[in-house]
Amino acid sequence: MWQFFHKLGSPKWFYGIATRLMPWLLVGGIALLLAGVVWGLAFAPKDYLQGNSYRIIFIHVPTAFLAQSIYIMMAVAAVVTLVWRMKLADLFVRSVAPVGAVLTFLALFTGAVWGKPTWGTWWIWDARLTSMLILLFLYFGVIALAAAIADEKSSARAVAVLVLVGVVNIPIIKYSVEWWNTLHQPATFKLTERPTMPAEMWVPLLLAVLGLYLIFGWLACLRMQTGILVREKRTRWVQELVRTGGH
Amino acid sequence: MHPIRKKRLTIVLFLLAGVAVAVGLTTYALRQNINLFYDPTQIAAGEAPVDVRIRAGGMVEEGSVARDPESLKVVFNVTDFNQSVTVEYTGILPDLFAEGQGVVAMGRLQPDGRFVADQVLAKHDENYMPPEVSDALEKASAANGKPATTQTKDASY
Amino acid sequence: MMAFDSLAAFIAMEGHGPYVWTCYGVFFLFVGGLMAWSIRQRRDVMRSQLRELERDSTARAGREAQPAASFTRINPS
């Protein structure tokens, strides 16, 4: 296990694995996401209460879910950065923070557009919405801090500490709808219980979540490869790779 | 594990625990501000300030909605199945507003206990289902003589 | 089985069309944009590094031209 862990720290090894994984992630991700979205938009039955506006759930839940799990992954990578000083872990945080920011923005945006016809308002300062907005600002902070410090080592450490401090926001987002009175409803998917919707609604939702997860995996591989090319440009294997056009 | 790494890991864990405790205490101290609305029990117990803009939330009581035929004024009771508050509102209600549905009203509590709202938002629960299923559920519960609420939790407004 | 009778009904979504289609439009715009941007970033890095390497190798070739010529003068007799 430790051997695998150390191998994972090798940029060259990671670059090769990523190149091999990426086609699968991309094709699988697009296929699953499109299947889920088309099913959800055109074939799933409408909701008895909200009618067709609930169809926004098929992108709202995947973006919100990814926005939070990307942050958790970044926090794990931050621990690895601080304890083992693994450069690839720091690179992961830098590479995926913009992806997390975009997905958080999309979760907020789709939520606002969904809120207008159902709740009667675009925005309300309830605990769920506010903690999600804090998540967006945390992503912005990580991106800005990562760009602000020139020295690679101190930058990595500062970013990791910020990511770790921000991770306490994740349980707050998750449990906000249970701990406090909010306008936002509790979760549809729970780990221990059956989803609170019939299969012809939750199956396409699950497909869309998995699809977006795979697309995130592809994006993470691609963006980390870009980072590796920049950081390791003095090494022979990267120069070889650049000469042969990346193959 | 290498002793230096062990030390670093301990520091990281302490950092996390410290931040978690700090944030936990802060949110606990501010819990009344984080709560979006007062429920009818809190209002009946006098926890909500009078004549200050606050939000009240709960379920619209079955059979309590009275619309003024000449204006957009509507009066209804909001309940949490324990206490209830009378809400007055003049304006357009959201599409999802209905008896038995959750609402959050923003407005001022009057000294006589009425709540005069200037904004009413609809709140829905996490249960989604096709209309046919909902109809069938309603029929079944009507046959059993039970209220047509869809799920088990009675306070899921 | 389709949940809608016609394409027009699918677009209109019983009046919720503008909300639903705005969300899906923005979603695909941003996710697609993120993917295209990331591909371009890697391609640009590759290109600029390739240019750098080519410049270095021509410079090295120029520097090596002189001593390389001197080898030919060595006469192992």
Side-chain angles (χ1 to χ4, degrees), chain A residues 2 44-51 53-54 57 75 78-85 115-121 124-131 157 160-161 164-169 171-172 175-177 179-190 195-198 200-202 205, chain B residues 1-2 4-13 15-16 18-24 27-28 31-39 42 55 57 92-98 101-104 106 119-135 137-138 150-151 153 156:
Chain A
W2 284 107
K46 70 175 182 181
D47 181 52
Y48 76 109
L49 186 64
Q50 302 180 35
S53 66
Y54 101 98
I57 202 174
V79 173
V80 175
T81 305
L82 289 176
V83 177
W84 286 274
R85 302 275 194 261
K116 187 65 191 166
T118 44
W119 298 341
T121 183
I124 188 158
W125 293 99
D126 85 348
R128 170 58 75 84
L129 276 65
T130 309
S131 54
R157 248 174 266 178
V161 169
L164 270 182
V165 168
V167 82
V168 291
N169 189 37
I172 294 182
Y175 292 106
S176 55
V177 288
W179 289 343
W180 300 293
N181 292 334
T182 54
L183 190 61
H184 196 286
Q185 68 284 1
T188 302
F189 283 120
K190 292 183 192 96
T196 57
M197 44 166 55
E200 63 262 44
M201 290 177 178
W202 68 255
L205 183 50
Chain B
M1 208 188 289
H2 197 279
I4 289 183
R5 288 180 188 148
K6 208 171 227 168
K7 200 177 131 201
R8 286 189 199 137
L9 188 62
T10 326
I11 295 172
V12 165
L13 290 179
L15 169 84
L16 259 183
V19 174
V21 168
V23 173
T27 49
Y28 183 74
R31 65 194 180 285
Q32 197 50 68
N33 294 315
I34 296 173
N35 275 330
L36 185 72
F37 52 82
Y38 291 92
D39 55 41
Q42 288 172 309
R55 293 197 193 88
I92 296 166
L93 290 161
D95 294 348
L96 258 59
F97 180 89
Q101 280 296 322
V103 289
V104 174
M106 179 139 197
Q119 187 189 28
V120 172
L121 301 175
K123 183 165 162 47
H124 62 87
D125 60 20
E126 71 278 31
N127 300 303
Y128 301 85
M129 65 181 97
E132 309 87 64
V133 176
S134 157
D135 291 348
L137 270 180
E138 214 146 310
T150 48
Q151 285 279 326
K153 272 195 293 176
S156 64

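Lettering of chains follows the sequences in order, A, B, ..., and the numbering in each one begins at 1.
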Quick one: closest heavy-atom pair of [X] and [Y], and the distance?
X: B:Leu36; Y: A:Trp125; value: CD1-O, 3.9 Å
X: B:Asn127; Y: A:Asp47; value: O-OD1, 4.3 Å
X: A:Glu200; Y: B:Pro130; value: OE2-CG, 3.9 Å
X: B:Ala122; Y: A:Thr118; value: CB-O, 3.4 Å
X: B:Glu126; Y: A:Pro186; value: CB-O, 3.1 Å
X: B:Arg8; Y: A:Leu82; value: CD-O, 3.0 Å

Requested in this report: Please lay out, stage by stage, how B:Leu13 and A:Val79 fare under the test side chain to side chain contact (heavy atoms under 4.5 Å, CB included).
Outcome: CA-CA 9 Å; B:Leu13 290 179; A:Val79 173; over 6 Å; no
Engaged part of [X] at the chain B interface, taking heavy atoms whose separation is under 4.5 Å:
X: A:Val168; result: side chain
X: A:Val177; result: neither
X: A:Ala187; result: backbone
X: A:Trp202; result: neither
X: A:Gln50; result: both
X: A:Pro171; result: neither

Query raised in the report: Side chains of A:Trp119 and B:Val104: does their closest heavy-atom pair fall under 4.5 Å?
Result: no
Query raised in the report: Are any of the side-chain heavy atoms of A:Ile57 and B:Tyr128 separated by less than 4.5 Å?
Result: yes
Query raised in the report: Once you round to the nearest 0.5 Å, how far does CG of A:Leu183 lie from CZ of B:Arg55?
Result: 8.5 Å
Query raised in the report: From B:His124 NE2 over to A:His184 NE2, what is the distance, rounded to the nearest 0.5 angstrom?
Result: 7.5 Å
Query raised in the report: Which one, B:Leu93, B:Val23, B:Ile34, leads in non-hydrogen pairs under 4.5 Å with chain A?
Result: B:Ile34
Query raised in the report: For A:Tyr48, does its backbone N or O pair with a side-chain atom of B:Ser134 as donor and acceptor, under 3.5 Å?
Result: no
Query - Flag, side chain of A:Asn181 to backbone of B:Asn35, donor-acceptor distance under 3.5 Å - result: no
Query raised in the report: Pick from A:Ile124, A:Val165, A:Ile172: which one has the most heavy-atom pairs with chain B under 4.5 Å?
Result: A:Ile124
